[in-house]
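Reading through the structure tokens given below for one structure.
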Amino acid sequence: MKRRNFLKNSTLSTAGIISAPLFASCQETKKELPPITNAAVSVKPIVICTWNFKNATAKAWEVLEKGGSSLDAVEQGVKVEEADLNNETVGNGGRPDRDGHVTLDACIMDKDGNCGAVLCMENIAHPISVARKVMEDTPHVMLAGKGAEQFAYEKGFPKTNLLTEKAKKDWLEWKKKSKYETIINIENHDTIGMLAIDKNGDIAGACTTSGMGYKMAGRVGDSPIIGAGLFVDNEVGGATATGVGEEVVRTVGSFLIVELMRQGKSPQEACEEGVRRIMEKNKDRRDFQIGFIAINKNGETGGYCIHPGFSYSSYTEAGQTNNTTETFLKS
Ligand code: ASP
């Protein structure tokens with residue numbers, strides 16, 4: 001029996017044997033607690049993702065519309081960006097580290113709290129699918145570096161050279177100065193973090209990136225870290241992040257946002273508080289971007305970021321929308 005069902009069943013059987021007045025008083029106490037979930041009545045399928053990755057939400061929607069699971073939807077959705085050679089911040093064609101190696105990070109989380117991640121993995125074009133295999137086929141949550149790559153080969157993923165001619169040329173150009181800096185809104189599309197609700201009302205999320213361009217060898221940001229770059233709790237909602245991963249990790253950003261929603265905040269309010277906490281810790285620093293998006297069990301969404309320029313794509317039965325978010329700084 002799954003742990004959650006076990007807990008549910010034990011609560012019920014306890015209720016069955018205790019006296020009625022005591023049960024009534026338990027219920028009263030329960031009422032005073034903050035709502036654990038926003039109890040979705042009839043939630044319609046929806047998918048959202050960081051930035052205006054239209055093709056990715058369209059693909060995920062295709063899966064949801066056919067009645068597919070939110071887990072399949074987010075995997076299929078983010079794979080579109082992993083495969084896009086023109087996208088230099090995710091998957092194949094991503095910017096290399098400062099030594100010229102493209103190293104990819106990804107994680108995925110399902111409705112039951114299962115999760116999988118790969119960190120700093122080379123030569124594999126679809127890290128999100130490897131992350132899913134880690135989740136489903138191993139007793140572990142994370143595999144890193146050579147171990148992740150080896151595991152991917154064992155699972156039949158082909159070896160792929162991820163450094164495109166264009167990315168190589170840009171890297172060689174960068175090397176002339178080797179200025180180590182973070183760039184606000186790189187190309188206006190960084191990491192893809194995606195959250196979806198399927199026809200059963202179940203939530204799943206995925207996050208995948210090539211990380212900060214020209215990073216130090218071995219550097220890993222927030223994106224493959226469950227709780228930082230992505231977090232899903234099927235009773236409450238989900239959140240995901242893009243931007244300077246170090247700052248998201250320091251506040252365990254996505255977990256924080258889901259917990260704020262659990263306490264009753266809307267997705268929008270929770271994202272705003274997530275950014276505010278980061279800015280509290282960076283009183284003298286303004287030169288970096290972070291964007292959060294979130295969804296709750298009712299299918300309500302929100303997004304917030306530090307600098308103007310961030311948006312998130314959504315797809316529902318009403319169609320596709322690009323949602324520009326409010327910002328902490330106004331310019
Ligand atoms: N969050 C990613 C990282 O820190 C990068 C990004 O979204 O720009 O690796």
Side-chain angles (χ1 to χ4, degrees), residues 48-53 56 78 81-82 84 86-91 93-98 101-109 117-122 127-128 131 142 144-145 148 162 167 170 174 180-195 205-231 238-257 271 274-275 278 281-282 285 287-294 303-313 325 327:
I48 62 173
C49 80
T50 53
W51 306 103
N52 190 20
F53 287 122
V78 302
E81 290 308 319
E82 288 183 339
D84 182 355
N86 294 319
N87 180 345
E88 296 199 312
T89 52
V90 178
R95 289 198 180 87
D97 65 16
R98 62 188 190 184
H101 301 285
V102 181
T103 65
L104 304 180
D105 304 324
C107 72
I108 194 158
M109 193 160 189
V118 289
L119 290 67
C120 209
M121 184 177 68
E122 290 183 62
I128 199 65
M142 293 190 216
L162 305 176
D170 292 347
W174 172 85
Y180 199 54
E181 61 180 1
T182 56
I183 306 164
I184 295 172
N185 291 341
I186 299 173
E187 298 177 326
N188 271 335
H189 52 82
D190 291 357
T191 297
I192 180 164
M194 182 176 275
L195 303 161
C207 188
T208 178
T209 190
S210 53
M212 200 181 279
Y214 318 129
K215 60 198 175 186
M216 289 175 70
R219 180 267 182 190
V220 174
D222 61 317
S223 305
I225 308 295
I226 294 294
L230 173 75
F231 194 71
T240 187
T242 179
V244 177
E246 283 71 6
E247 298 304 327
V248 179
V249 170
R250 286 172 74 199
T251 54
V252 200
S254 294
F255 179 74
L256 170 67
I257 288 170
C271 288
V275 169
I278 288 171
K281 290 192 162 57
N282 286 284
R285 206 179 150 207
D287 62 342
F288 65 104
Q289 174 69 307
I290 287 178
F292 285 117
I293 60 168
Y304 198 63
C305 63
I306 300 175
H307 291 272
F310 177 58
S311 67
Y312 68 95
S313 174
T325 68
T327 60

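Every heavy atom of this structure was used, including side-chain atoms; hydrogens, water molecules and symmetry mates were not. First listed ligand is number 1; within each ligand, the first listed atom is number 1. All residue numbers in this chain count up from 1 along the given sequence.
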(message) Using the rule side chain to side chain contact (heavy atoms under 4.5 Å, CB included), only one of Asn52, Ile48, Ile192 pairs with Ser313; which is it?
(response) Asn52
(request) Would you tell me whether Thr191 and Thr209 have side-chain atoms, one donor and one acceptor, within less than 3.5 Å of each other? (result) yes
(request) For Gly211, counting its heavy atoms only, list the atoms of ligand 1 lying under 4.0 Å from any of them. (result) 9 (O)
(message) For the 3.5 Å polar cut-off, considering only N or O atoms, please tell me whether Gly221 and ligand 1 meet it.
(response) no
(message) Distance under 4.0 Å to a non-hydrogen atom of Asp222: what atoms of ligand 1 satisfy this?
(response) 1 (N), 2 (C), 3 (C), 4 (O)
(request) Using distance alone, decide if ligand 1 has a nitrogen or oxygen within less than 3.5 Å of any nitrogen or oxygen in Val244. (result) no
(message) Check this for me: does any side-chain nitrogen of one of Arg219 and Glu246 sit under 4.0 Å from a carboxylate oxygen of the other?
(response) yes
(message) Nearest non-hydrogen contact with atom 2 (C) of ligand 1 belongs to which option: Thr191, Thr50, Val248?
(response) Thr191
(request) Return yes or no for this condition: an N or O of Glu246 is under 3.5 Å from an N or O of ligand 1. (result) no
(request) Can you see which heavy atom on Ala167 is nearest to which on Gly93, and at what distance? (result) CB-O, 4.1 Å
(message) Below 30° counts as parallel, above 60° as perpendicular, anything between as tilted: where do the rings of Tyr214 and Trp174 land?
(response) parallel
(message) Only heavy atoms of Met212, strictly under 4.0 Å: list the atoms of ligand 1 that pass.
(response) 9 (O)
(message) What I want to know is whether Arg219 and ligand 1 share at least one N or O pair that is separated by under 3.5 angstrom.
(response) yes
(message) For Trp51 together with Phe310, are the ring centres under 6.0 Å from each other?
(response) yes
